[in-house]
Protein chains: 2
Amino acid sequence: MPSATPIDDPLITTFGRLAEAYSRLEQWLGSAMESEAGLPHVWFEVLIRLARSEGEQLTMSSLADQIALTTSGVTRLVDRMQVAGYVERRPCPTDRRVSYAGITAAGHDVLDRAAVVHARNLRKAFGSFTPQDLTALDTALDRVREAASRLPRQP
Amino acid sequence: MPSATPIDDPLITTFGRLAEAYSRLEQWLGSAMESEAGLPHVWFEVLIRLARSEGEQLTMSSLADQIALTTSGVTRLVDRMQVAGYVERRPCPTDRRVSYAGITAAGHDVLDRAAVVHARNLRKAFGSFTPQDLTALDTALDRVREAASRLPRQP
DNA sequence: AGTCAGATATTGCGCCATCAAGCATCGATA
DNA sequence: TATCGATGCTTGATGGCGCAATATCTGACT
């Protein structure tokens, strides 16, 4: 008789696939970016999100939300990136509690360089994918992302 | 004129989607498992992989490989789980360098309980997915996972 | 048998993220 | 205007993970 344990639930396996796929990609791409562009992958995530935002800046809170870190973690992350000269803190004129993290010229430079190597590595990783595969992956991921963002907050 | 910067490369966006989808799911499911089953998500990953393995055990190295950690991290992770009574170390009879991590009866108990709540939460998260959506996601993820495991090692 | 390169697991150290607490500020309400 | 809960960010303490070095062991080659 087959085991009736819930550890064989197909959804668990699906999520396991997602975890493994992401972890492996992240490790490979992350170490490649570190060695080829001298930029930790988190820094790249910060910079690209700042570059794509209105005014090329984001509040600490929304940045924390976008890169899935606590505001505490973002405070110190931005500290380090500020020392490196890639971002700067800008006060908010209408609310003295908030401070924006904005990308600097040096940040733009390193971001562009890193994006080139990142795109090249991604093409290496997804080399076996046809355009149809990629769009299928995109839509599937978008559905997951949407479902995930609908989830209630941790409290 | 449109910006010619490589930061708008569609592959970068795809990977960003993957990162965001995974991070959000992982955070939500992880904190839920922690609060509802008293089990950190990494512990669950370890236990389910041990339970599914030949002899319900795995060498430290292959375990490290499966959960995307260094052997160093696995050493201490298994330390903690051993103190909790969920796993045990077993010497290898044919090679005295390797030690197996094996799941205990207590580990099985907590794994089964956690799997129930995990499956329930997964069903909550993927509630809007049709069976077709799920199989599409599965095949797409499997292709990514396969591509990722083909990547050369970090050296 | 003797030697040595490679493999396996563990340990010391430092970095980085979370958690909890604290501080300053805002908006609403009396 | 005065008060008070909520919000945004920062800081101190704690814990976990990776990197590099170490110890032990294996397998192959001489």
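We name chains A, B, ... by the order of the sequence lines, and we start the count at 1 in each one.
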Pairing of B:Arg24 and A:Asp65 as salt bridge, 4.0 angstrom limit: yes

Return the polar atom pairs (N/O with N/O) between nucleotides 24-29 of chain D and the protein under 3.5 Å, or none.
from   : atom 1 : to      : atom 2 : distance (Å)
D:dT26 : OP1    : B:Arg96 : N      : 3.3

Nucleic acid footprint by protein, nucleotides 10-16 of chain C - heavy-atom cut-off 4.0 Å, B for base, S for sugar-phosphate alone: BBBB--S

Contact summary for A:Tyr100 and A:Pro91, nearest pair of heavy atoms: CD1-O, 4.3 Å

Pairing residues for B:Asp79 by the side chain to side chain donor-acceptor pair (under 3.5 Å) criterion, not counting sequence neighbours: B:Arg89

Sugar-phosphate only, base, or nothing, as touched by A:Leu69 at under 4.0 Å among non-hydrogen atoms: sugar-phosphate

Side chain B:Asp133, main chain B:Thr130, donor-acceptor under 3.5 Å: yes

No-hydrogen, no-angle side-chain donor-acceptor test under 3.5 Å, B:Thr75 and B:Ser72: no

Electrostatic pair B:Arg49:A:Glu20 at N-O distance under 4.0 angstrom: yes

Nearest-Å distance for atom pair CD/C1', residues A:Gln82 and D:dT10: 13 Å

Distance-minimising heavy-atom pair for B:Thr14 and A:Leu141: O-CD1, 4.0 Å

Protein-nucleotide distance (B:Asp65, atom CG; D:dG18, atom P), rounded to Å: 13 Å

Atom-to-atom span, CG of B:Leu63 to P of C:dT8 - whole angstrom: 14 Å

Whole-Å distance separating the NE2 atom of B:His41 from the C1' atom of C:dT18: 18 Å

Derivation of the side-chain hydrogen bond (donor to acceptor under 3.5 Å, both in side chains) call for A:His118 and A:Glu36: CA-CA 9 Å; A:His118 193 223; A:Glu36 297 173 24; over 6 Å; no

